[in-house]
Amino acid sequence: MLKDRVITAILLLAGLLGAVFLLPPLAWLVICAALCGVAAWEWGGLARFERPLRMSTAVVFALSCLMLGYLSGLGSGTLAGTPLLLPLYGISALFWILIVPVWLARKWSLRSPMLASLVGFIVLIPTALALAHLRTVGPWVLLGTMAVVWVADIAAYFSGRAFGRHKLAPDISPGKTWEGAMGAVAAVLLYGIGVLVWLGASQVGGALVIGLALVAWTAISIIGDLFESLLKRQAGIKDSGNILPGHGGILDRIDSLTSTLPIVALASVLLAH
């Protein structure tokens with residue numbers, strides 16, 4: 001299993017780097033839409049949709065992402081139309097910050113196809129559009145943003161394995177611990193400090209604000225991870241899919257990105273205007 005995970009991770013990273021730096025904007029948007037479609041298919045599994053509804057959900061989500069991205073200019077590599085995406089990003093941010101913590105505490109479930117489709121749209125469409133959007137802002141912006149989540153995930157895993165004693169959410173994800181979460185925060189802060197030093201930042205006040213933002217960012221990424229874990233537990237499955245050997249499905253790989261990328265994209269639009 002470890003060998004499969006390592007090989008798959010290397011191939012995914014190589015493919016991601018090639019696509020981010022080499023593909024034209026429209027091709028990258030198409031890939032983001034395709035990923036959205038595959039994730040929507042897996043989402044249908046979490047919601048226990050019948051096969052025809054899963055397929056239609058995947059197609060509708062992929063086409064919606066492609067259409068919205070094209071209308072906002074992401075297919076041509078321009079950011080002029082990205083304010084059109086503000087409502088989607090704003091709804092996504094409110095969902096993750098205000099609703100999901102309550103959802104996790106009360107352990108709500110996706111009781112109806114209509115609710116599941118609505119929540120899936122809020123979770124997946126802004127994430128796919130944010131992938132296209134942040135790459136248009138700059139390839140390194142997208143990779144740097146994703147790297148925060150990767151650092152948090154890796155640090156949480158190893159610090160949890162080494163020091164984990166107190167369960168974070170035993171009824172949702174028994175493997176996650178408070179020690180793992182603290183390790184994730186520490187690693188993300190070190191990553192952020194390293195980036196600031198590399199960029200030559202020297203203002204202490206600005207660094208403190210960024211540090212607080214990184215702590216909040218790490219917390220939101222953990223919430224995204226726990227949210228998918230809850231849905232998988234309720235659906236009685238271990239992984240969202242099996243498309244990635246050793247890693248499960250697409251949703252298993254982007255769970256923390258669904259809660260973080262749209263918020264970063266939202267901040268990008270607000271700061272630009």
Side-chain angles (χ1 to χ4, degrees), residues 32 35-36 38-40 42-43 46-47 61 65 85-110 115-116 118-135 141-157 168-169 172-173 175-176 180-181 183-185 187-189 191-192 212-234 239-240 247-270:
C32 293
L35 288 174
C36 183
V38 175
E42 295 177 357
W43 181 267
L46 297 181
F61 277 35
C65 176
L85 302 177
L86 273 176
L88 272 176
Y89 292 153
I91 291 171
S92 174
L94 291 174
F95 175 76
W96 288 109
I97 295 172
L98 299 180
I99 296 178
V100 173
V102 179
W103 191 310
L104 293 173
R106 299 190 177 184
K107 298 181 178 60
W108 293 333
S109 61
L110 298 173
L115 174 63
L118 176 60
V119 173
F121 193 93
I122 294 172
V123 169
L124 299 179
I125 299 294
T127 302
L129 290 170
L131 275 173
H133 179 177
L134 294 175
R135 192 259 194 173
V141 173
L142 174 60
L143 291 175
T145 302
M146 297 175 74
V148 175
V149 174
W150 297 337
V151 168
D153 284 347
I154 294 170
Y157 175 79
L168 178 63
I172 298 175
S173 184
K176 293 181 176 59
V185 169
V188 167
L189 286 174
Y191 169 78
L212 291 174
L214 287 173
V215 172
W217 192 349
T218 306
I220 292 171
S221 76
I222 293 173
I223 286 174
D225 192 340
L226 288 174
F227 183 64
E228 198 215 347
S229 295
L230 174 63
L231 297 183
K232 287 192 295 186
R233 180 169 288 270
Q234 291 173 339
D239 297 316
S240 65
H247 289 266
I250 295 295
L251 279 177
D252 295 318
R253 292 301 90 214
I254 67 169
D255 49 8
S256 297
L257 295 176
T258 58
S259 59
T260 52
L261 287 186
I263 295 177
V264 177
L266 172 64
S268 173
V269 177
L270 294 176

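For reference, positions follow the sequence shown, starting with 1.
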How many angstroms lie between atom [atom1] of [X] and atom [atom2] of [Y], to the nearest 0.5 angstrom?
{"X": "I223", "Y": "L230", "atom1": "CD1", "atom2": "CG", "result": "12.5 Å"}
{"X": "L115", "Y": "S109", "atom1": "CG", "atom2": "OG", "result": "8.5 Å"}
{"X": "E42", "Y": "L124", "atom1": "CD", "atom2": "CG", "result": "9.5 Å"}
{"X": "D225", "Y": "I254", "atom1": "CG", "atom2": "CD1", "result": "12.0 Å"}
{"X": "L189", "Y": "L212", "atom1": "CG", "atom2": "CG", "result": "9.0 Å"}
{"X": "L257", "Y": "T145", "atom1": "CG", "atom2": "OG1", "result": "9.5 Å"}

Please tell me if the side chains of [X] and [Y] come closer than 4.5 Å, counting only heavy atoms from C-beta onward.
{"X": "V148", "Y": "T260", "answer": "no"}
{"X": "V188", "Y": "W217", "answer": "no"}
{"X": "W96", "Y": "I122", "answer": "no"}
{"X": "I263", "Y": "S92", "answer": "no"}
{"X": "L110", "Y": "V119", "answer": "yes"}
{"X": "D153", "Y": "S256", "answer": "yes"}
{"X": "L131", "Y": "C32", "answer": "yes"}
{"X": "L251", "Y": "K232", "answer": "no"}

Return the minimal non-hydrogen interatomic distance between [X] and [Y], and the atom names on each side.
{"X": "K107", "Y": "Q234", "value": "O-NE2, 3.3 Å"}
{"X": "E228", "Y": "S240", "value": "OE2-CB, 3.5 Å"}
{"X": "L261", "Y": "M146", "value": "CD2-CG, 4.4 Å"}
{"X": "F121", "Y": "L88", "value": "CE2-CD2, 3.8 Å"}
{"X": "I250", "Y": "A39", "value": "CG2-CB, 4.2 Å"}

Could you go through V123 and W43, starting from their C-alpha distance and side-chain angles, then the distance that decides it, and tell me whether this counts as side-chain contact (heavy atoms from CB on, under 4.5 Å)? CA-CA 10 Å; V123 169; W43 181 267; 4.2 Å; yes
Is Y157 atom OH crowded by more than 12 heavy atoms from other residues, nucleotides or ligands, each under 6.0 Å away? no
Can you tell me if [X] uses its side chain to pair, donor with acceptor, with the backbone of [Y] under 3.5 Å?
{"X": "T218", "Y": "L214", "answer": "yes"}
{"X": "S259", "Y": "I220", "answer": "yes"}
{"X": "D252", "Y": "G249", "answer": "yes"}
{"X": "W103", "Y": "W108", "answer": "yes"}

Would L168 and I222 count as a side-chain contact (heavy atoms from CB on, under 4.5 Å) here? Give the steps. CA-CA 10 Å; L168 178 63; I222 293 173; 3.8 Å; yes
Any idea how Y89 and H133 line up, ring-wise: parallel (<30°), tilted (30 to 60°), or perpendicular (>60°)? parallel
